[in-house]
Amino acid sequence: MDPRSGCEAEVGGQTVSLPVAVCVSGRGSNLQALIDAISTGRLDARIVLVASSRADAPAVERARSTGIPVAGFPVTNATRAEAQGAMGGAIRDAGARLVVLAGYDRILADAFWDLLGDVPVINIHPSLLPAFGGLSGLKVHEAVIASGASESGATVHTAHKGRLDEGEILAQRRVPVRPGDTPQVLAARVLETEHEAIVDAVARFVSQAALAGRTSRRTGPGM
Ligand code: GRF
């Protein structure tokens, strides 16, 4: 199935297929989890745009090979606000009703939020937030192991202007931290659960949209 078309469902007489934009910078395994969930019918959504901060990100190739529209918004310290403002505007223009930050590796400038408007944004983080917020990559797992915590996990939360790794928690998965875990081993264990959590969180927005009866690929009054 074309992941852009999603799996349409009749809910209360409405055809539902939530338009989603995904912001990426790297590997793209969470993007892949969304593509797969759409393809198998688990998720009634369609990816209208993948926006990348890096042209050479493997995530970009994953999107392209599946026929999903991709746009690059390369970020340098000098151009961050401009690039991210353009990204917010492009996402809005693409008609997204949800933005997923799936391994997007830059803090979002105010211009992004201002040009995006009122589209909700969610982020996936590889720890049990609020614990270990503000860290990224392997640093998260290094800190978890150093703390002696017996468990870690993945969190999907709403993201907001001017706040980092904070927001309403939408989905969380827990994993054990085992004796002898290296940051890499723990990261891999957490990553598996990220893929479940991200799909669950997006599914919540699909359900909300279905209940509100306001998304429809062709005829929805809200589109
Ligand atoms: C994930 O660990 C995610 O939690 C973090 O960045 C990583 C992205 O991985 N925000 P991928 O690009 O989705 O594979």
Side-chain angles (χ1 to χ4, degrees), residues 3 20-39 42-43 45 47 49-66 68 70-75 84 87 98-108 112 120-145 149 151-160 163-177 181-204:
V20 176
V22 184
C23 298
V24 297
S25 299
R27 179 179 50 196
S29 70
N30 282 287
L31 168 66
Q32 190 67 54
L34 293 173
I35 291 170
D36 293 346
I38 291 170
S39 296
R42 157 85 176 90
L43 203 54
I47 300 176
L49 184 67
V50 166
S52 180
S53 64
R54 295 170 196 269
D56 60 352
V60 165
E61 185 47 38
R62 289 184 198 262
R64 285 224 173 89
S65 68
T66 327
I68 297 170
V70 178
F73 300 93
V75 175
Q84 293 180 338
M87 184 170 79
L98 174 68
V99 180
V100 181
L101 304 176
Y104 185 77
D105 67 0
R106 293 288 190 135
I107 292 174
L108 288 162
F112 169 79
V121 180
I122 65 174
N123 179 51
I124 179 132
H125 185 80
S127 77
L128 294 173
L129 289 176
F132 305 102
L135 299 173
S136 62
L138 283 179
K139 287 194 167 52
V140 179
H141 309 292
E142 286 166 8
V144 170
I145 291 167
E151 61 179 3
S152 189
T155 303
V156 183
H157 62 94
T158 59
H160 307 276
R163 293 164 65 187
L164 181 62
D165 295 336
E166 285 179 2
E168 182 192 351
I169 291 177
L170 302 172
Q172 215 161 34
R173 289 285 191 287
R174 310 179 96 82
V175 300
V177 179
D181 271 352
T182 62
Q184 290 82 358
V185 166
L186 181 57
R189 192 178 304 129
V190 169
L191 188 65
E192 278 185 38
T193 68
E194 289 187 34
H195 300 158
E196 299 166 10
I198 195 79
V199 171
D200 278 5
V202 173
R204 286 181 58 164

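Remember, predicted model here, so these are calculated numbers, not experimental data. One-based numbering, in listed order, for ligands and for the atoms of each.
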Under the side-chain hydrogen bond (donor to acceptor under 3.5 Å, both in side chains) test, residues paired with His157 that sit two or more places apart: Asn123

Residues in salt bridge (Lys or Arg N to Asp or Glu O under 4.0 Å) contact with Arg62, at least two apart in sequence or another chain: none

Distance-only donor-acceptor check, side chains Ser29 and His195, under 3.5 Å: yes

Pair listing, salt bridge (Lys or Arg N to Asp or Glu O under 4.0 Å) test, anchored in residues 165-175, at least two apart: Glu151-Arg174, Arg163-Glu166, Glu168-Arg204, Arg173-Glu196, Arg173-Asp200

Amino acids contacting ligand 1, non-hydrogen cut-off under 4.0 Å: Arg27, Gly28, Ser29, Asn30, Gly103, Ile124, His125, Pro126, Glu194

Straight-line distance of Ile47 CD1 to Thr66 OG1, nearest 0.5 Å: 8.0 Å

Rounded distance [0.5 Å steps], CD in Gln184 versus CG in Leu191: 13.0 Å

